[in-house]
Amino acid sequence: MHLNPTRRQVLQFLSACGVSLALPAMTARAAARRRDERPKSLITLWMNGGMSQLETWDPHPGTKSGGEVKDIATSNKDVRISELLPQMAEQLHSCMLIRSLTSKEGDHERGAAFVKTGYRPEPTLKYPTLGAIAAHELTNSELEIPQYVTLAPDRIVPEGGYLGNQWDAFRVFQPGNGLSNLKSYVSPERQADRLQGLHVVSQQFEQRRQFGAKRTLHQNTLDRALEMMSSEQLKAFELDTESTGVKAAYGDTSFGRGCLVARRLVEVGVRSIEVTLPGFDTHVANHSGHVTNCKILDPAIATLIQELRERDLLDSTIVLCISEFGRTPGINPAAGRDHWPNWFSCMIAGGGFRENTVIGATPTDVFEGKKADGKLILPAAPVLVPELYATIMATMGIDFRKEIVTPIGRPIRFADALPSAYLLKEDVAGKVIRS
Amino acid sequence: MRAVVILFALLIAGLVLKVVQVAGRVDQPVGSPAAVADDQQLGPAVARLNEQFHTQWQAEKVQVVDTVDDFAVLRRLSLAMFGTVPSLEDIRAFEDDDQPNRIDRWVVRMLQDSRYSDYFAERLARSLVGVEEGPFIVFRRDRMTAWLAEQLHKDASWSQMTKELIAAEGLWTDRPAANFITVADIEDEGLDVNKLAGRTVRTFLGQRIDCAQCHDHPFDPAWKQSDFEGLAAFYCQASLSPGGVTDYETDKDEQKVVYKVLDPGAETGRVVASAVPFHPEWLPADGGLRYRLAEWVTHKDNRRFERAIANRVWGFMLGKPFHEPVDDLPHPVDGEIDALDILGQEFRARGDRLSVLIRMIAMSDVFHLSSESSADNDETYTRQVQAWSVFPLVRLRPEQVIGSLFQAGHIRSIDQNSNPFVRVTKFGNENDFLNEYGDLGDDELLQQVGTIPQALLRMNGRFTAEQSKVDALSAPAQILSFSPDNAAIIDNCYLACLCRLPAVDERTYFLNLLESTTEAAAERRKANPEAPEVIPESKPTRTRAQVVEDLVWTLFNSPEFSWNH
């Protein structure tokens with residue numbers, strides 16, 4: 001008797017025994033390895049519309065720009081954040097806040113393009129998002145599901161840009177509630193017949209177009225789609241095996257479920273995941289808008305960080321909470337705040353980034369973006385988005401200097417800046433920056 | 001009481017019908033039908049174009065593939081000009097047409113169809129204003145597209161359209177061409193002259209000089225930063241006012257409006273005069289800045305202008321521009337003529353009309369070449385592709401995929417004369433499908449492969465399920481009902497989906513399936529009641545309708561359906 005099981009058969013067996021995704025550390029995947037040996041993943045939490053720094057990570061209560069929000073103490077004794085994020089306040093010792101990100105793009109589409117790619121948008125070339133670069137450079141050959149996943153996305157797809165559309169993020173519109181188009185609408189027997197017929201028709205087309213047809217990757221894409229349809233790894237998108245308590249901790253919201261699915265995707269080895277929380281474009285009623293949104297954000301992000309830590313995955317997972325820009329220090333007549341790219345905040349946890357740290361500081365009494373002479377007003381210790389992304393790439397083991405010859409013939413580097421050691425833990429910085 | 005209820009119900013039904021009719025109405029471009037005269041003799045120009053390619057193929061010693069039959073050409077034309085495969089109705093009409101010059105006559109007929117003007121307008125709009133939402137309030141993409149469709153339906157001059165776009169004044173709603181300018185508006189900052197300059201040169205002259213906004217072009221020494229700045233200066237007097245796009249020569253302080261560039265570290269802006277990078281003698285001496293720029297761009301001796309549009313139309317027709325990227329052409333060289341020049345010269349000689357380019361390309365030898373190659377290695381095939389001695393395999397654009405799925409699901413052509421319900425359903429389906437399938441944006445002629453989500457959508461999405469279903473008046477149902485025999489069912493499905501008849505192997509395979517259905521078994525039993533009972537394992541389990549649905553699903557998912565070939 002020959003025993004030569006395929007990987008899928010082994011996984012199916014493990015699954016049948018209840019040790020597959022229910023116990024991710026038992027799988028032959030990311031979580032089986034520990035810390036340094038484990039490839040890193042990136043979870044980007046995208047605050048769509050432009051999250052106000054003043055109502056979240058960088059409150060200025062009691063000042064003219066502060067608005068109605070109050071601040072609270074955190075697990076980092078030197079830092080106070082918005083009262084709207086009480087659970088995150090307890091996790092802040094695991095996090096780094098950057099309060100001095102800067103951009104020049106105050107339009108949603110252009111701002112999002114810049115913050116997602118690290119390059120200002122231009123008409124002749126589409127840049128890949130940071131997530132697409134991570135998926136492209138850290139491709140996990142064991143994955144039967146997409147390398148790059150966006151959960152609860154808005155209408156703009158995080159794109160592979162010049163890397164090609166096969167690196168666009170796989171969209172999951174309702175995280176935890178099933179995937180679209182993954183089940184055939186006929187019986188397995190009919191599906192098998194259909195595929196046999198497809199083979200006959202495809203052969204006819206390809207027999208005198210072998211080199212052309214090969215380049216289309218049509219069959220290859222179809223095979224991968226079929227593989228995905230029957231993959232055990234699809235269970236990472238399902239939440240049936242998660243306890244009621246865990247689900248409740250993340251919050252019964254699309255974003256909360258997205259964060260939980262993100263954790264499960266990291267466990268099966270997906271390197272790049274984005275979860276979107278919409279509703280931050282608060283030109284009207286900014287405070288109440290942020291009250292509503294932070295009730296969704298706070299439990300989800302705090303539980304995500306806590307769970308990653310408990311599962312020993314935080315060192316190998318970067319959690320980045322960011323948006324396309326911040327919001328104005330001034331409050332408009334509709335009690336809203338408008339777009340403000342001059343300075344805005346992001347939160348980073350895990351992956352070797354410094355913890356218990358705040359970078360940058362913002363003024364409390366500045367309400368204009370430019371001085372009288374037209375020069376931009378910047379925060380203290382400004383951090384550039386490309387600099388942050390070069391650092392993320394470096395710590396993930398991606399060669400941020402790598403040049404790709406784009407379809408228009410222009411060689412472009414993955415990052416338009418150098419990494420910054422001061423953003424990383426000392427031991428990590430030593431390894432990463434030296435390499 | 002009952003009469004009142006019935007009357008009320010009828011009233012509601014009438015209102016619903018009216019709403020559906022209005023919602024599904026395709027605005028007809030006003031003006032006369034396309035002024036495409038069938039008697040124009042393009043033959044000599046097409047011969048020159050063919051000669052150009054044949055000379056090149058001989059010189060490069062590349063193998064030239066065979067030509068395809070007219071049905072494959074019809075499919076290519078329909079995809080390029082309507083964005084769908086041809087309907088079974090059109091295929092049968094084409095089949096019955098045995099008069100000479102069938103292809104050219106059908107091209108002329110298609111040029112007069114509003115499906116052409118609507119579809120080409122949408123594609124041209126991408127290069128003119130992109131696909132982004134654009135600035136709120138001051139930009140109306142739909143008005144721009146409708147205006148383009150109207151111009152194309154009239155077979156208007158591309159030069160005139162270009163002049164209108166660059167120099168348009170007035171409201172974006174009243175003067176749709178003004179949207180070319182207003183799309184560059186930035187909130188609180190005004191019009192982005194750099195964006196306008198870059199797009200003008202890319203779209204109308206086929207050159208990418210956007211990088212020269214900040215520095216001399218790194219790979220093309222001919223383009224300096226000063227060239228870009230000089231071109232941008234032509235837009236400096238344009239601004240948005242309550243009356244729409246207006247040019248102001250002086251500001252409110254009666255000072256002349258000039259273009260200033262703020263260099264890094266500089267305290268004050270550097271004044272830049274409007275200037276063109278070559279042939280300043282083409283600039284008119286008088287007139288507003290944008291008017292002068294428009295005249296220079298479209299000047300009869302400006303080869304870049306006709307080469308740029310010829311390259312774009314070539315890309316629309318074959319799925320792949322003659323030079324890639326479509327808007328980064330090499331500099332024209334004095335004394336050197338290529339295919340774009342031959343197309344461009346005829347285009348200029350005949351009133352700068354896109355229809356001339358379309359007809360010439362459709363009649364060219366290249367357009368009739370097969371995509372099949374006997375090349376025995378990748379290098380040989382690559383040389384063929386580069387020399388255009390084989391028809392390129394190009395992935396269908398997203399709207400071509402859903403357009404083709406929907407058309408193949410109907411026997412009759414879906415156009416402005418179709419049932420309002422059909423048109424409304426098509427409109428809704430298209431939008432939903434494009435949201436899921438993804439859009440190529442303004443990089444629409446960039447060659448890309450398919451993605452896994454797209455393959456999943458084609459296999460398991462509701463669009464494929466609905467269009468392949470044997471249901472009511474769907475094409476599969478009608479084919480099943482009205483085809484005289486199983487072979488005809490297969491033939492009609494192949495024609496509706498792939499615009500060809502099945503090969504022997506394919507016909508045999510699907511005939512076997514159709515002859516193994518429950519209905520076929522019942523017919524055999526009826527014809528020969530004495531025959532022994534079939535053993536249970538080999539009892540038919542499929543109905544004819546299921547086999548037809550499976551066949552249509554198979555064709556929808558084949559590479560042949562998703563690629564222009």
Side-chain angles (χ1 to χ4, degrees), chain A residues 106-107 109 122-126 146 155 157 164-168 170-171 179-186 189-191 193-198 200-222 224-226 228-229 339 373-374 407-410, chain B residues 130 132-133 186-187 195 198-199 202 208 210 219 262 267 325 327-328 371-375 377-378 381 390 393 395 435-436 438 441-443 446 448-457 459-461 465 503 505-506 509-510 513 541-542 546 550-551 553-555 557-560 562-563 565:
Chain A
D107 165 80
E109 285 184 9
E122 59 175 272
T124 56
L125 187 64
K126 276 190 182 150
R155 60 180 185 80
V157 186
N165 59 349
Q166 63 270 46
W167 296 102
D168 290 355
F170 180 81
R171 291 180 294 172
L179 296 174
S180 309
N181 307 325
L182 272 162
K183 285 188 180 150
S184 168
Y185 51 87
V186 294
E189 295 76 23
R190 271 184 81 185
Q191 176 73 354
D193 282 358
R194 285 178 167 199
L195 293 175
Q196 200 176 335
L198 186 55
V200 172
V201 181
S202 299
Q203 286 284 99
Q204 178 65 31
F205 182 72
E206 288 168 13
Q207 62 183 354
R208 280 179 54 83
R209 296 180 180 92
Q210 55 171 324
F211 297 106
K214 206 168 153 188
R215 290 180 191 185
T216 68
L217 296 182
H218 187 93
Q219 192 58 46
N220 177 278
T221 308
L222 197 70
R224 284 164 58 212
L226 289 166
M228 183 174 164
M229 283 169 65
H339 304 173
D373 61 6
I408 61 168
R410 249 173 80 191
Chain B
E132 292 169 7
E133 286 178 356
I186 298 176
E187 196 179 344
K195 190 173 181 178
R199 182 156 267 161
R202 264 184 283 124
R208 289 187 172 192
D210 301 74
F219 310 123
L262 189 64
E267 293 293 322
D327 48 11
D328 202 11
S371 60
E372 295 181 344
S373 165
S374 58
N377 61 65
D378 198 53
Y381 176 72
V390 63
L393 276 180
R395 190 165 72 106
N435 281 339
E436 282 200 57
D442 31 4
D443 272 347
L446 193 67
Q448 300 250 20
V449 297
T451 64
I452 293 174
Q454 289 171 349
L456 291 168
L457 182 62
M459 281 194 288
N460 307 324
D505 289 352
E506 294 171 311
Y509 177 83
F510 290 109
L513 292 182
T541 54
R542 303 273 194 283
Q546 286 175 328
D550 292 350
L551 168 58
W553 180 93
T554 299
L555 299 177
N557 280 281
S558 66
E560 192 168 347
S562 299
W563 290 76
H565 50 83

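Predicted model only: the values in this text are computed from it and were never measured. Residue numbers start from 1 in every chain, and the chains themselves are labelled A, B, ... in the order their sequence lines are given, proteins ahead of strands.
Interface check for chain A: of the options T541(B), L551(B), N435(B), L555(B), the most heavy-atom pairs under 4.5 Å are formed by N435(B). Per-residue heavy-atom pair counts under 4.5 Å with chain A were compared for S373(B), A503(B), A465(B), S374(B), and the maximum is reached by A465(B). Note on T451(B), I452(B), D550(B): by heavy-atom pairs under 4.5 Å with chain A, the leading option is D550(B). Contact count against chain B (heavy-atom pairs under 4.5 Å) is highest for S202(A) among A213(A), P146(A), S180(A), S202(A). Note on M229(A), Q204(A), E206(A), R190(A): by heavy-atom pairs under 4.5 Å with chain B, the leading option is R190(A).
Residue contact with chain A, scored on non-hydrogen atoms closer than 4.5 Å, is absent for D327(B). Of the atoms belonging to E189(A), heavy atoms from both backbone and side chain fall under 4.5 Å from chain B. Contacts between R171(A) and chain B at a heavy-atom distance below 4.5 Å involve the side chain alone, from C-beta outward. With a 4.5 Å cut-off on non-hydrogen atoms, Q191(A) touches chain B through its side chain but not through its backbone. Residue Q219(A) does not touch chain B at all, counting heavy-atom pairs closer than 4.5 Å. Contact of D193(A) with chain B is made through backbone and side chain together, with heavy-atom distances under 4.5 Å. Neither the backbone nor the side chain of L513(B) comes within contact range of chain A; no heavy atoms are under 4.5 Å apart. Contacts of S562(B) with chain A are made by side-chain atoms alone, with heavy-atom separations under 4.5 Å and no backbone atom involved.
Heavy atoms only, all atoms of each residue included: L182(A) and N460(B) are closest at C-ND2, 3.8 Å.
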Please walk me through it: do L226(A) and M459(B) pass side chain to side chain contact (heavy atoms under 4.5 Å, CB included)? CA-CA 9 Å; L226(A) 289 166; M459(B) 281 194 288; 3.8 Å; yes

Could you check I186(B) against K195(B) for side chain to side chain contact (heavy atoms under 4.5 Å, CB included), going step by step and ending with a plain yes or no? CA-CA 10 Å; I186(B) 298 176; K195(B) 190 173 181 178; over 6 Å; no

Test side chain to side chain contact (heavy atoms under 4.5 Å, CB included) on K214(A) and D378(B) and set out the steps. CA-CA 10 Å; K214(A) 206 168 153 188; D378(B) 198 53; over 6 Å; no

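One distance of note links CD of Q210(A) with CZ of R208(A); it measures 10.0 Å at 0.5 Å rounding. In this structure, the separation between CG on L179(A) and CZ on F170(A) is 5.5 Å, given to the nearest 0.5 Å. Between the CG atom of N220(A) and the CZ atom of R215(A) there is a distance of 15.5 Å, given to the nearest 0.5 Å.
Donor-acceptor pairing under 3.5 Å is recorded for the side chains of N181(A) and E436(B). For the residue pair R395(B) and Q454(B), a side-chain donor N or O sits within less than 3.5 Å of a side-chain acceptor on the partner.
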